> 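Here you go, one structure.
Since this is a predicted model, take the numbers as computed values, not measurements. Letters A, B, ... are given to chains in the order of the sequence lines, protein chains preceding strands, and every chain is numbered from 1.
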There are 4 protein chains.
Amino acid sequence: MNTFVQNQLKSFQEHQKNRGRLLINCADQPGIVAAVSDFLYKQGANILESSQYSTDPKEGTFFMRIEFECEGLKEKKSNVEENFKEIASTFGMEWSFTFSEELKRTAIFVSKELHCLRELLWEWQSGDLITDLALVISNHEECREIVESLGIPFYYIPANKENRPQVEKQQLELLEKYEIDLIILARYMQILTPTFVAQHPNQIINIHHSFLPAFVGARPYERAYQRGVKLIGATSHYVTNDLDEGPIIEQDIMRVDHRADVDSLKKIGRSIERSVLARAVKWHLEDRIIVHQNKTIVF
Amino acid sequence: MNTFVQNQLKSFQEHQKNRGRLLINCADQPGIVAAVSDFLYKQGANILESSQYSTDPKEGTFFMRIEFECEGLKEKKSNVEENFKEIASTFGMEWSFTFSEELKRTAIFVSKELHCLRELLWEWQSGDLITDLALVISNHEECREIVESLGIPFYYIPANKENRPQVEKQQLELLEKYEIDLIILARYMQILTPTFVAQHPNQIINIHHSFLPAFVGARPYERAYQRGVKLIGATSHYVTNDLDEGPIIEQDIMRVDHRADVDSLKKIGRSIERSVLARAVKWHLEDRIIVHQNKTIVF
Amino acid sequence: MNTFVQNQLKSFQEHQKNRGRLLINCADQPGIVAAVSDFLYKQGANILESSQYSTDPKEGTFFMRIEFECEGLKEKKSNVEENFKEIASTFGMEWSFTFSEELKRTAIFVSKELHCLRELLWEWQSGDLITDLALVISNHEECREIVESLGIPFYYIPANKENRPQVEKQQLELLEKYEIDLIILARYMQILTPTFVAQHPNQIINIHHSFLPAFVGARPYERAYQRGVKLIGATSHYVTNDLDEGPIIEQDIMRVDHRADVDSLKKIGRSIERSVLARAVKWHLEDRIIVHQNKTIVF
Amino acid sequence: MNTFVQNQLKSFQEHQKNRGRLLINCADQPGIVAAVSDFLYKQGANILESSQYSTDPKEGTFFMRIEFECEGLKEKKSNVEENFKEIASTFGMEWSFTFSEELKRTAIFVSKELHCLRELLWEWQSGDLITDLALVISNHEECREIVESLGIPFYYIPANKENRPQVEKQQLELLEKYEIDLIILARYMQILTPTFVAQHPNQIINIHHSFLPAFVGARPYERAYQRGVKLIGATSHYVTNDLDEGPIIEQDIMRVDHRADVDSLKKIGRSIERSVLARAVKWHLEDRIIVHQNKTIVF
């Protein structure tokens with residue numbers, strides 16, 4: 001890896017070494033916040049940021065994200081997690097602690113269109129995308145040079161409808177070898193099989209080049225042009241087995257008019273795709289997203 | 001009609017009495033702009049605003065809108081139209097002259113939700129919607145007071161699936177009696193029959209409460225909530241016989257997040273619907289819109 | 001007051017009768033959230049919404065807003081407030097409880113431009129602005145009819161530079177008589193004296209027709225036109241004794257281009273002013289705003 | 001220069017070889033459009049796009065931009081220009097023809113912050129910025145590698161208040177040697193002297209990191225933070241001798257809230273700066289901008 005990026009990541013880790021995040025999800029009921037905040041206080045933690053949401057205060061599901069700082073967290077980590085189990089069991093929580101200095105390991109999948117990849121690499125180099133960018137996989141050679149010049153391993157795996165099983169086998173082996181936590185489909189133009197998706201639930205982020213649910217599927221810009229829309233958009237979502245139907249993380253749009261032909265729509269669209277995907281990825285890396293019933297809560 | 005509004009409209013007419021608009025539409029070919037601008041020059045007209053667009057400079061369709069000022073236009077009008085026929089026939093044009101002082105006559109159809117009606121009335125009272133607002137028709141009584149207090153005739157025509165033919169007969173008679181040029185469906189929750197639509201081609205503007213083509217049909221906010229979108233929108237379009245498939249005039253969106261329940265989406269949506277419909281209506285009244293193959297060119 | 005609005009406000013009060021809001025502000029230190037949430041739990045309250053912010057986790061100021069529901073709150077209110085004093089004193093808090101069913105009492109000041117007033121009245125009639133709209137004061141007669149038709153007392157107090165002291169005396173007496181909590185300057189074109197402002201700290205919301213700090217002072221649209229900006233905006237802020245320098249609550253903009261003359265800028269600006277002011281007022285009414293060192297925290 | 005980019009530029013030139021643009025500017029008077037369009041028709045040109053604007057139809061200044069296609073334009077060019085002189089003199093026009101295949105030659109000035117430079121290079125590599133990117137000049141070494149890796153000459157010229165005259169002399173010699181038409185200040189943190197600016201009127205585009213006229217001068221993000229604004233923005237403008245007072249080409253903003261500290265504002269701001277500068281540069285390269293009395297008309 002590039003030394004400059006390495007130094008930035010190290011400095012981030014140093015700065016954040018006592019920081020942790022707690023994500024919670026349980027049936028809404030009185031006393032949750034009191035119990036959790038009291039617990040953190042007793043561990044010596046100071047709450048830096050806290051967000052909560054309930055689908056319904058009476059019978060709903062309760063969600064919470066707390067970011068905290070705690071002197072000597074590195075040493076206490078497993079202790080903190082162990083101690084939390086009692087509260088978690090009392091309230092029937094699903095929960096997870098993550099620690100800011102443990103960087104998530106990311107793989108990017110890309111095809112021929114490189115604008116989303118470039119944006120991610122750019123943000124990563126600028127220290128705005130805090131992740132261990134472990135490898136890039138593509139079914140084309142176009143981006144090899146730019147990826148390898150940054151010291152990131154690049155794997156060229158030609159893919160088409162016929163060889164999908166072998167391709168995915170190879171990809172899954174790489175993901176396992178590199179211990180990948182997050183897969184970013186940065187305009188990767190191959191459909192993943194249910195087998196693949198099942199192994200990475202809520203860990204695959206895709207960018208779709210329309211404001212979903214408009215223009216699900218192929219060639220959205222062509223269809224947007226045909227329909228004569230006055231806005232075009234992009235949607236970042238977790239991948240599920242229903243094509244373009246996974247939980248939406250982020251969307252954005254730009255105005256267009258009758259003068260824009262399909263090529264212009266694509267050009268304008270690129271800048272929306274770039275920023276929408278980058279935002280979604282950042283929120284995932286900061287553990288800001290909880291998936292609930294095919295929707296996302298973004299704290 | 002309210003005296004204040006009447007005075008505003010009169011002052012508009014006085015100010016614009018020498019202004020006209022020319023809309024053109026023909027196969028693209030060399031010499032169109034030269035011929036048209038030379039014609040206007042010879043009529044003594046000064047071009048105030050001119051816009052053009054071609055779907056393809058080689059084999060496409062050419063569209064043009066010119067706004068011009070011409071001393072003594074009132075007297076010359078029919079002459080100008082007559083003289084233009086030669087050019088029009090040379091280039092095989094579809095064309096129309098409209099004269100700014102001849103106000104379009106408008107009918108508003110509305111049901112129970114009054115926010116779009118209120119916005120239109122408000123803009124009309126402020127002198128920002130230049131039209132002869134001839135009548136309001138509703139299948140509910142909710143807006144009678146507000147409409148009549150402005151001196152606008154109000155017609156209550158209860159409507160449902162069963163009595164549609166009689167209802168539409170009555171409505172069409174009113175539209176004829178009042179010589180209506182433009183029908184605005186300001187959240188009118190009844191579907192119009194093909195017979196009705198056929199009598200007012202490109203003269204009926206609807207507001208749909210989603211960013212079409214997402215959420216065509218009923219209950220779009222409920223479906224937006226279910227899908228977990230991060231943007232909600234509204235679309236103004238001409239009505240055709242395909243439900244929510246007519247040419248789109250204007251769209252806009254606002255950001256929402258997981259905290260917004262269906263009621264919040266509706267509240268946020270109201271302000272988008274209001275402004276999107278008002279913009280579309282204004283453009284129509286200013287003869288800025290040309291419909292071509294189920295799309296709009298908005299000059 | 002209009003019966004329809006009255007019924008809506010009553011139904012709101014009924015629905016919210018057990019709801020309260022707690023606003024807190026103190027030096028950041030460990031244990032605040034734990035203590036507060038434990039307190040609420042012990043009062044039998046369920047937290048519906050909670051937001052917090054710290055200017056700096058080490059030496060900063062901590063802010064918190066909690067919305068809670070508590071069976072029988074009406075009866076317990078004074079008790080809850082009394083009991084909280086111990087915690088408040090431990091942490092050195094500034095704090096306040098407000099109860100959703102106690103509507104804030106609002107006065108609107110307006111001059112000749114009525115678009116902001118209309119918007120507020122419209123939102124209020126739709127049940128989207130939950131307040132006891134007690135009176136409207138104007139230095140012009142233009143809005144008397146629209147205000148009185150809604151059953152709201154209207155006071156015409158001609159104002160100019162010369163008679164300012166007498167005018168403000170009269171206004172302050174009215175504000176006292178009507179027990180006003182919030183004063184909205186809906187394009188009120190008179191400057192308030194320090195005496196007046198001092199009596200209503202953080203209780204006067206103004207709408208300024210530019211994106212502050214650009215175009216402080218008079219005639220912002222004229223100056224925006226002169227400068228050739230490509231965006232125009234509006235800013236809602238609390239009034240202090242420095243003209244247009246008070247804490248900003250909300251801002252928004254719209255794009256414009258070279259074609260827009262001063263009149264067009266004003267028209268476009270109106271719709272921004274309307275929505276920016278309405279949002280700011282709603283946030284104030286929901287106790288979402290904390291002022292800190294000439295800035296606002298909006299939860 | 002990079003072969004890929006070279007090929008893209010060549011293919012653009014091939015595709016556009018018969019295209020030209022005509023910019024006009026004169027006192028408004030009847031017959032201009034007729035004369036110009038008739039002229040182009042007689043040269044065998046087909047109008048592809050035409051825009052016009054008049055500051056006032058009676059006594060104003062008239063502006064026009066026409067993009068046209070003309071078989072064999074390369075050979076006819078000087079002829080066309082020569083023939084146009086008669087019309088130009090009749091109407092007292094300032095005017096210029098430019099030919100799409102003659103690429104403008106561009107220099108980028110940059111300091112330590114590289115995001116704007118990266119965006120421009122990225123757009124240029126993608127074929128979305130059609131220019132002959134001739135050289136990059138910096139007072140720091142940070143971007144040497146990225147610039148040289150694309151085959152673009154890089155000049156490191158250390159600059160400070162003391163050595164300004166020598167530095168500018170060196171810069172001006174380079175601009176002359178490379179025959180530069182456009183200078184882009186992509187976050188170049190040195191002030192240019194009147195001597196420098198005078199040699200490149202309306203040829204220097206700067207990006208300022210605020211929505212001007214707010215926060216003219218140094219440290220705009222720090223001041224935006226102090227003022228507590230709810231929007232931050234960026235402005236691209238031509239450089240004149242009044243700091244940050246030149247004609248505005250493009251502006252945009254993003255929403256921020258109280259949580260954003262100065263560093264966050266800078267991060268958010270980067271993405272606005274990038275896109276605002278890139279749009280302004282594209283419009284300049286396409287001859288879409290006319291400067292008139294310290295304002296821009298962007299066609």
Side-chain angles (χ1 to χ4, degrees), chain B residues 2-4 8 11-12 15 48-51 67 112-130 141-146 148-150 187 252 254-255 257-261 263-279 282 286 288 299, chain C residues 2-4 8 11-12 15 48-51 67 112-130 141-143 145-146 148-151 187 252 254-255 257-261 263-279 282 286 288 299:
Chain B
N2 180 298
T3 337
F4 176 69
Q8 277 189 311
S11 115
F12 172 85
H15 179 253
L48 299 174
E49 193 184 322
S50 169
S51 312
E67 196 162 335
K112 278 185 157 180
E113 297 250 37
L114 304 188
H115 53 284
C116 287
L117 173 70
R118 278 181 197 273
E119 181 79 10
L120 294 171
L121 294 178
W122 187 82
E123 294 269 347
W124 182 70
Q125 285 177 271
S126 313
D128 290 343
L129 205 71
I130 302 297
E141 284 277 15
E142 268 82 356
C143 64
R144 177 186 291 276
E145 198 187 311
I146 172 175
E148 293 187 338
S149 77
L150 290 167
R187 297 296 307 267
D252 210 346
M254 285 187 91
R255 303 190 74 83
D257 69 18
H258 58 269
R259 272 173 286 263
D261 57 16
D263 273 352
S264 307
L265 295 183
K266 285 181 181 172
K267 274 189 194 184
I268 296 167
R270 276 182 213 155
S271 78
I272 318 173
E273 295 168 34
R274 288 201 274 157
S275 57
V276 165
L277 178 61
R279 284 203 292 274
K282 271 183 231 181
E286 295 174 358
R288 296 192 172 281
F299 281 132
Chain C
N2 182 298
T3 338
F4 176 69
Q8 276 188 312
S11 116
F12 172 85
H15 179 254
L48 299 175
E49 193 183 322
S50 170
S51 312
E67 196 162 336
K112 278 186 157 179
E113 296 251 37
L114 304 187
H115 53 284
C116 288
L117 173 69
R118 278 182 197 274
E119 181 79 10
L120 294 171
L121 294 178
W122 188 83
E123 294 269 347
W124 182 70
Q125 284 177 272
S126 313
D128 290 343
L129 204 72
I130 301 297
E141 284 278 13
E142 268 82 355
C143 64
E145 196 187 314
I146 173 174
E148 292 187 340
S149 77
L150 291 166
R187 298 296 308 269
D252 211 347
M254 285 187 91
R255 303 189 75 81
D257 69 18
H258 59 269
R259 272 172 287 263
D261 57 16
D263 273 352
S264 307
L265 295 183
K266 285 180 182 173
K267 273 190 195 185
I268 296 166
R270 277 182 212 155
S271 80
I272 317 172
E273 294 168 34
R274 287 201 274 158
S275 58
V276 165
L277 178 61
R279 285 202 292 274
K282 270 183 229 180
E286 295 175 357
R288 295 192 172 280
F299 281 132

> Quick check on B:R270 against chain C: is it the side chain, the backbone, both or neither that has a heavy atom closer than 4.5 Å?
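Interface part for B:R270: side chain.
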> Measure C:E113 against the heavy atoms of chain B and call it side chain, backbone, both or neither at under 4.5 Å.
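Neither the backbone nor the side chain of C:E113 comes within 4.5 Å of chain B.
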> Between B:Q125 and chain C, with a heavy-atom cut-off of 4.5 Å, which part of the residue counts as in contact: side chain, backbone, both or neither?
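Only the side chain of B:Q125 comes within 4.5 Å of chain C.
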> For chain C, which of B:R259, B:H115, B:E49 has the most heavy-atom pairs under 4.5 Å?
B:H115
> How about B:I130 and B:K282: do any of their side-chain heavy atoms sit closer than 4.5 Å?
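No - every pair of side-chain heavy atoms lies 4.5 Å or more apart.
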> Does C:R274 make a cation-pi contact with C:W122, if we ask for NZ or CZ under 6.0 Å from the ring centre and within 45° of the axis?
no
> Please determine whether salt bridge (Lys or Arg N to Asp or Glu O under 4.0 Å) holds for the pair B:E273 and B:K266, giving the CA-CA distance in whole Å, both sets of side-chain angles, and the decisive distance to 0.1 Å.
CA-CA 10 Å; B:E273 295 168 34; B:K266 285 181 181 172; over 6 Å; no
> Can you confirm whether B:E67 sits close enough to B:R288 that some side-chain heavy atom of one is under 4.5 Å from a side-chain heavy atom of the other?
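In short, these two side chains touch, coming nearer than 4.5 Å.
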